[in-house]
Chemist: 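Take this structure first; my questions come after.
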Amino acid sequence: MKHLTVLFAATAAALVAPDQAIKLDEHQPAVSPDLVQTWWDSTVSRSAKIFTKIEKRIEKATSEFDGYSFDGFDGFNSDSNLPPLPLHERKPRRGDKTKTIYELIKSNKYTTKFASLLDNDDFSDIKDLLDSTSHNKTLFVPTDKAFERIPHHGDKPPPKEFVLALLKYHIAPGLHTKVDLYHKHTLPSNLSLDTLGSRPQRLRISTGLLFSIRVNVISKIVYGNILAKNGIIHAIDHILVPPPSQEKIISLLPNTFSTFSLGLEKTELSVPDHKGGTLFAPTNSAWRRLGPRANAFLFSHHGLKYLEALLKYHFVVDQTLYSDAFYNSHKDEKAAVEDAEGGKYWHVDLETLLDDKAIAVDVKRWKGWVSIVLNGFTKVIFQDGIASDGVVQVVGKVLIPPHGHHGHAGEDDDKDIEVEELKARLERYVDRDEAGDL
């Protein structure tokens, strides 16, 4: 049985007009997360249909996830729940191993626009990388049709630094065939930003019906396994854009996260500067589970400090937990990533903004499936929402700190919770002088 892939706002159509794709503004500042964020801000009104489509698929995936289990192994990433690839897809037979990646896309009539970008002198380093045979690499190359899908942004051309970041984001180190991608959940790209502590920005890989593979939710591999002398090419139908921040992802999906967004607005919660992080984002339905009384209290004047404490428990800074990788600023980076990629089961305690109160995370693997469970019971129902400053892991329950210093919360202890019980769980984290009385 196949669950539909979870659509997330980690990527969308590119942010420049097709006829302007190779024009550059020479007077723009160096690439920065703020520059990428600005372009995401400018595309929202032009991409409403994309985000509406994302919301609908999230709702469908949520309904399909509810109550599903597999022999006691709950919460796996359903993106990989597919039969083996057909025989003709398992071994690459396309391409020309006497030519480099650059030479192949330069000579192909379906990738002329991307090739023309590489021929620009400002991107000679990217051209040289795709022409070099010193290391294998994987290129997700947008077809010319992909450029026709991008929303128009007026006459102003994109900054060259933005285009450079975009090009890097289409390249992944190493050779990854469709079989390899079929069993992966994320993949490091050649793009690194300060907001991740100069670590590789990752691509989200998901599978769908009829053996389809998507990159960053929107972009589908339409023709893959094209071998070259120095790697492999997969043609995609949408341009990959570096993702927005966690906060922007939440704001782009109000049908899913409007209650969470409202809480952040009312409490004016400030997240400290960080180099990567993990946001466990509860859906609107997760908030409804708390019941009307608890919600009425939390969003009242008297409950705002309790709401602020509750929200802080969902933010982890400087530790980015993907389903198959872990960027951990608190210990050796290489060991952390190897722990995430190699083990069938591993455990980590992630300290939150709530007085460093930790969330206990258990990650389990079985074949292509991945399960992420928090505090013993709460499942991550949408995995790996790629963000510029970390990752968004979506949960179907509001996380409430367990009783005491240790132990797990109950499976349904959030459902229709009494106000006094909620206050008791959060009391130690709240300044009573500011909280007021109920």
Chemist: Could you tell me which residues satisfy side chain to side chain contact (heavy atoms under 4.5 Å, CB included) with Y110, sequence neighbours excluded, listed by chain and number?
Modeler: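 Applying side chain to side chain contact (heavy atoms under 4.5 Å, CB included) to Y110 gives N108.
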
Chemist: Considering residues at least two apart in sequence or located in another chain, which fulfil the side chain to side chain donor-acceptor pair (under 3.5 Å) criterion with T186?
Modeler: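 With neighbours one apart ignored, the set is R202, D324.
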
Chemist: Tell me every residue that passes side chain to side chain donor-acceptor pair (under 3.5 Å) with S132, counting only those two or more places apart in sequence or in another chain.
Modeler: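 Applying side chain to side chain donor-acceptor pair (under 3.5 Å) to S132 gives S134.
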
Chemist: Applying ring pair (Phe, Tyr, Trp, His ring centres under 6.0 Å), name anything that partners F260, two or more places apart in sequence or on another chain.
Modeler: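 Per chain and number, F260 pairs via ring pair (Phe, Tyr, Trp, His ring centres under 6.0 Å) with no residue.
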
Chemist: Residues two or more places apart in sequence or in another chain: which of them pass ring pair (Phe, Tyr, Trp, His ring centres under 6.0 Å) with F114?
Modeler: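 Here the qualifying residues are H170.
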
Chemist: Holding to side chain to side chain contact (heavy atoms under 4.5 Å, CB included), I want the full list of residues that pass it with S124, two or more places apart in sequence or in another chain.
Modeler: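 Not a single residue meets the side chain to side chain contact (heavy atoms under 4.5 Å, CB included) criterion with S124.
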
Chemist: Mind checking side chain to side chain donor-acceptor pair (under 3.5 Å) for D180 and listing every partner two or more places apart, or none if nothing turns up?
Modeler: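 With sequence neighbours excluded, D180 shows a side chain to side chain donor-acceptor pair (under 3.5 Å) to T177, given in chain and number order.
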
Chemist: Go through the structure and list residues passing side chain to side chain donor-acceptor pair (under 3.5 Å) with D349, not counting sequence neighbours.
Modeler: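 In terms of side chain to side chain donor-acceptor pair (under 3.5 Å), with neighbours along the sequence ignored, D349 is linked to H347.
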
Chemist: Could you name each residue pair satisfying side-chain hydrogen bond (donor to acceptor under 3.5 Å, both in side chains) that touches residues 136-147, not counting sequence neighbours?
Modeler: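 For residues 136-147, and leaving out neighbouring residues, the side-chain hydrogen bond (donor to acceptor under 3.5 Å, both in side chains) pairs sorted by first residue read T112-D144.
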
Chemist: Quick one: list whatever passes side chain to side chain contact (heavy atoms under 4.5 Å, CB included) with A309, sequence neighbours left out.
Modeler: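 So A309 forms a side chain to side chain contact (heavy atoms under 4.5 Å, CB included) with L354, L426, Y429, V430.
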
Chemist: Hey, could you give me each pair passing salt bridge (Lys or Arg N to Asp or Glu O under 4.0 Å) that has a residue in residues 99-112? Not counting sequence neighbours.
Modeler: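 Sorted pair list: K106-D119.
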
Chemist: Please table the atom pairs, donor to acceptor, closer than 3.5 Å between any side-chain atom in residues 263-274 and protein atoms at least two apart or in another chain.
Modeler:
{"unit_1": "T267", "atom_1": "OG1", "unit_2": "G263", "atom_2": "O", "d": "2.8"}
{"unit_1": "T267", "atom_1": "OG1", "unit_2": "L269", "atom_2": "N", "d": "3.4"}
{"unit_1": "H274", "atom_1": "ND1", "unit_2": "P272", "atom_2": "O", "d": "2.9"}

